[in-house]
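In what follows, every chain begins at residue 1, and chains take the letters A, B, ... in the order their sequences are listed. Predicted, not measured: the structure shown is a model, and the values here were computed from it.
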Number of protein chains: 2
Amino acid sequence: MLSPIRIDTVSALDAVLAIPGACPRFCRDEEIFGEGESADYVYQVVSGAVRTHRLLRDGRRQIDEFHFAGDYFGLELGELHRVSAEAMCDASIRLIRRGALSDLAARRGDAARAILRLTAEGLQRSQDHVLMLGRRSAIERVAGLLLDIAERTNARAELDVPMSRQDMADYLGLTIETVSRTLTSLQDEGLIALPSVRHVVLKDRRALERMTA
Amino acid sequence: MLSPIRIDTVSALDAVLAIPGACPRFCRDEEIFGEGESADYVYQVVSGAVRTHRLLRDGRRQIDEFHFAGDYFGLELGELHRVSAEAMCDASIRLIRRGALSDLAARRGDAARAILRLTAEGLQRSQDHVLMLGRRSAIERVAGLLLDIAERTNARAELDVPMSRQDMADYLGLTIETVSRTLTSLQDEGLIALPSVRHVVLKDRRALERMTA
DNA sequence: CGACACTTTGAAGAGGTTCAACTGGTGTGG
DNA sequence: CCACACCAGTTGAACCTCTTCAAAGTGTCG
């Protein structure tokens, strides 16, 4: 049973926002929507992983967020998307008509609260991101990202990392070389292992957590 | 947010959220609430200016946001404040009981939408902050902050800067010395003037905007 | 006027970037 | 089935922006 203000589980959110929608597949690096386009849909990752990003005029890219199975993205206050979204690997994405969602929110208080909750969670994550970019060193940022991926993909020690080094760099406000060197140094210190480029084993989670706390 | 009905002005928001509340005064650097405290109120700046921040264990500080007259802050999804808030100068702050706000939101769709709108605007600002910290140089960050202050305080060319250099640094992810040097170099280039420490004159706004676009 | 906090400036240093070369894994074609 | 090409990732070295540490300057308030 839901409290008047809190919706406590992802599945509860999904139940409230269960609106039929198409569920197309996108392949690796395919654009789902672009910055400045009309925000006619809200999206949910069914399988795979998605990145959302913004670009400066000169090409500098900042990845805003990574989205994993179950996550919603593309929810906007205004009429236009403020970020672009691309699949990081083959992904299936549920499309929810924005009009259907606002109709639902207008009729049902719990749906309106679910939307508020999604937005507020996005804000919390963005605030964490700000703290990371403003005040943490490269090694702390990388450690934090690995732990975040572990948590959000429900991985134990061994992670499937769906993003390239460039994606990690553009999320962390670093360069690809710094990310690579930092991962190597974490490996040298025995905190992680890198069996392959897109797999990371967390060997000393406690130590990683100490870096990010 | 999702609804076709938009609330377009701050005053409209205020009308919807007009709940009687105390309006205490805080003096410079006084804490309004602390990170981890129970979030029993939502706050609105009546006059003055407020900063919200988070601290790492070792004392590194990241300012999350500056709040000016009319701005709401301290709105939380969960039970606890995730940031601390302090007055940057003498300020009067309206306190709104959170319970009163959620009652109102439960009864009136437009109030619920107003809360969503506030949250979504906070998210947009936080995303802009992420882009700034992740991918902009010191001079671009400082220029961006000055323009932001100008816009939010409705200043034309001459700005009243309510924050210290340390506050600017902790918002921009820089050090106090870098902020100071950057302001000096903007002055040397003729883009701004610094008649006194807490006053800035924007002499070439176009050039400043070019840096931040 | 003097004390104190904040700001500015200077010089040296570090962390991260840049540019460049090399490595390794993957896919393709002979 | 191997050779080769290609691309992402790694490593190295030089460089640069920003930081750190130190000192001097400025403004404010008793």
Nearest whole angstrom, please: distance from the [atom2] of [N] to the [atom1] of [X].
{"X": "B/Gln166", "N": "D/dT19", "atom1": "CD", "atom2": "C1'", "answer": "13 Å"}
{"X": "A/Asp188", "N": "D/dT10", "atom1": "CG", "atom2": "P", "answer": "12 Å"}
{"X": "A/Arg135", "N": "C/dG16", "atom1": "CZ", "atom2": "P", "answer": "13 Å"}
{"X": "B/Leu183", "N": "D/dT26", "atom1": "CG", "atom2": "P", "answer": "17 Å"}
{"X": "B/Met163", "N": "C/dT7", "atom1": "CE", "atom2": "C1'", "answer": "16 Å"}
{"X": "B/Arg28", "N": "D/dC29", "atom1": "CZ", "atom2": "C1'", "answer": "12 Å"}
{"X": "A/Arg181", "N": "C/dA14", "atom1": "CZ", "atom2": "C1'", "answer": "14 Å"}
{"X": "A/Leu194", "N": "C/dG24", "atom1": "CG", "atom2": "C1'", "answer": "14 Å"}

Quick check on DNA chain C: between A/Ile176 and A/Val197, whose nearest nucleotide comes earlier from the 5' end? A/Ile176
In terms of the nearest nucleotide of DNA chain C, which residue is placed more toward the 5' end: A/Val179 or B/Thr184? B/Thr184
For salt bridge (Lys or Arg N to Asp or Glu O under 4.0 Å), just list the numbers for B/Asp167 and B/Arg61, CA-CA rounded to whole Å, side-chain angles, deciding distance to a tenth of an Å, and then say yes or no. CA-CA 9 Å; B/Asp167 290 336; B/Arg61 182 177 75 151; 2.8 Å; yes
D/dC18 OP1/OP2 closer than 4.0 Å to side-chain N/O of B/Thr175: no
Any B/Ser180 side-chain N or O less than 4.0 Å from OP1/OP2 of C/dT7: no
Identified side-chain contact (heavy atoms from CB on, under 4.5 Å) partner of A/Thr52 from the options A/Phe66, A/Tyr43, A/Phe73: A/Phe73
Do A/Leu194 and A/Val200 come within less than 4.5 Å of each other through their side chains, counting heavy atoms only? yes
Taking the side chain as everything from C-beta on, heavy atoms only, tell me whether B/Arg54 gets closer than 4.5 Å to A/Val130. no
Tell me whether B/Glu121 is salt-bridged to B/Arg125, with the criterion being a basic N under 4.0 Å from an acidic carboxylate O. no
Return the nearest nucleotide to the side chain of [X]; candidates are [options].
{"X": "B/Ser164", "options": "D/dT20, C/dT17, C/dT7", "result": "C/dT7"}
{"X": "B/Arg165", "options": "D/dT20, C/dT7, D/dT10", "result": "C/dT7"}
{"X": "B/Glu177", "options": "D/dC21, C/dG16, C/dT7", "result": "D/dC21"}

So for B/Arg136 and D/dT17, does any side-chain atom that can act as donor or acceptor lie under 3.5 Å from a complementary atom in the base? no
Check: B/Arg198 side chain, D/dT28 base, donor-acceptor under 3.5 Å: no
Of the residues in residues 48-59 of chain A, which ones touch DNA chain C at a heavy-atom distance under 4.0 Å? none
Let's go through A/Arg165 and A/Leu183 carefully: what are the C-alpha distance in whole Å and the side-chain angles of both, what is the deciding distance for side-chain contact (heavy atoms from CB on, under 4.5 Å) to 0.1 Å, and is it a yes or a no? CA-CA 10 Å; A/Arg165 296 290 185 265; A/Leu183 286 168; 3.4 Å; yes
Check: A/Arg25 main-chain N/O paired with A/Ser92 side-chain donor or acceptor under 3.5 Å: no
